[in-house]
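In listed order, ligands and their atoms are each counted from 1. Computed from heavy atoms alone, side chains included, the values below leave out hydrogens, waters and symmetry copies. Model, not experiment: these values are computed from the prediction.
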Amino acid sequence: MQLTVDLRDHSLNRLPKSYIDSSIKGVLIKKEQIDAQISKLAVKINKDIPDAHCLVIMSGAMIFASDMIRKLKNCTYDSMQVKSYLGKQSSRLPKILKDPKVPLKGKDVLILEDIVDTGHTLKGIIDYCIDRGARSVKIAALLSKPSRREIDVKIDYCGFIIDDLFVIGYGLDYDEKYRNIPFIAVL
Ligand code: IMP
Ligand code: MG
């Protein structure tokens with residue numbers, strides 16, 4: 001799904017007051033569109049992975065994961081924390097800040113990620129899961145920017161394909177700011 005920025009979108013008015021004068025350019029994906037897409041993906045995941053062990057990549061995927069996980073019929077979840085971006089730049093060297101608590105050995109792991117950009121972070125996480133003996137590893141990502149890809153990674157469940165834009169909201173940040181905005185906007 002290809003999306004464009006709609007600067008006339010009135011839902012921008014629902015921004016928290018402190019963000020109204022900030023540099024947000026416009027809404028890219030409305031909350032209702034996100035909800036509908038997560039419901040669709042959840043139907044597929046419920047069919048494909050009846051016993052998923054969700055691995056939530058903090059902090060960006062937290063909001064996506066909390067909406068997704070509650071639509072899954074039978075799953076467990078844990079989190080790990082990876083730092084890959086400095087401001088608007090990908091470091092290309094993802095750093096693990098927190099390991100998952102539950103051992104991944106023998107699990108059907110479903111990685112829940114906010115956005116796949118160059119692919120370096122996801123590749124690092126997939127390798128991490130395989131190295132720790134996961135039985136299978138699948139990926140659900142809310143957003144993907146394929147035009148920025150440097151490493152080929154397969155996204156099994158992708159919410160939205162977007163252009164090369166820096167986006168915030170619904171968990172995504174710019175230097176830890178804007179995560180609490182309930183929709184995806186362009187900075
Ligand atoms: P990659 O390693 O280049 O694929 O970067 C993936 C990570 O960078 C994501 O998990 C995000 O945390 C962050 N990221 C990439 N693009 C954006 C963006 O447009 N907004 C906010 N964070 C982003
Ligand atoms: Mg992330």
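Nearest to atom 2 (O) of ligand 1 by heavy-atom distance, out of Ile125, Val82, Thr121, Leu187, is Thr121. Of the listed options Asp175, Val186, Val167, Ile57, Val167 places a heavy atom closest to atom 21 (C) of ligand 1.
Among the candidates Asp114, Val116, Asp117, Ile29, the single residue satisfying the side-chain contact (heavy atoms from CB on, under 4.5 Å) test with Leu143 is Ile29.
Using modelled atom types, one side-chain atom of Asn46 and one backbone atom of Lys73 make a donor-acceptor pair closer than 3.5 Å. Between the Lys40 side chain and the Ala36 main chain, no donor and acceptor come within less than 3.5 Å of each other.
In this structure, Gln81 CD and Asp99 CG are separated by 11.0 Å, a value rounded to the nearest 0.5 Å. Interatomic distance, Leu110 CG to Ile45 CD1, rounded to the nearest 0.5 Å: 5.0 Å. Between atom CD of residue Glu113 and atom SG of residue Cys158 there is a gap of 11.5 Å, rounded to the nearest 0.5 Å.
Remark: ligand 1 atoms within the under-4.0 Å shell around heavy atoms of Asp173 are 21 (C). Under a 4.0 Å criterion applied to the non-hydrogen atoms of Thr118, ligand 1 contributes the atoms 1 (P), 2 (O), 3 (O), 4 (O). Each of the atoms 10 (O) of ligand 1 lies under 4.0 Å from some heavy atom of Glu113. Against a heavy-atom cut-off of under 4.0 Å, Lys145 is close to the following atoms of ligand 1: 16 (N), 17 (C), 18 (C), 19 (O). Residue His120 has at least one heavy-atom neighbour below 4.0 Å for each of these atoms of ligand 1: 2 (O), 4 (O). For ligand 1, the atoms closer than 4.0 angstrom to any heavy atom of Leu172 are 20 (N), 21 (C), 22 (N).
Within the 4.5 Å cutoff, the side chain of Leu112 has heavy atoms near those of the Met68 side chain.
Residue contacts with ligand 1, taken as heavy atom pairs separated by less than 4.0 Å, involve Asp114 solely via side-chain atoms from C-beta onward. The part of Leu165 lying near ligand 1 is the backbone, judged by heavy-atom distances below 4.0 Å.
Geometrically, ligand 1 and Gly119 share a nitrogen or oxygen pair separated by less than 3.5 Å.
Ligand 1 lies out of reach of Leu122, whose nearest heavy atom is not under 4.0 Å from it. At least one heavy atom of Ile115 sits closer than 4.0 Å to an atom of ligand 1.
At a threshold of 4.0 Å, the pair Asp35-Lys31 counts as salt-bridged, since one of the basic side-chain nitrogens sits closer than that to a carboxylate oxygen.
For the residue pair Thr121 and Pro94, the shortest heavy atom distance occurs at CA-CG, 3.7 Å.
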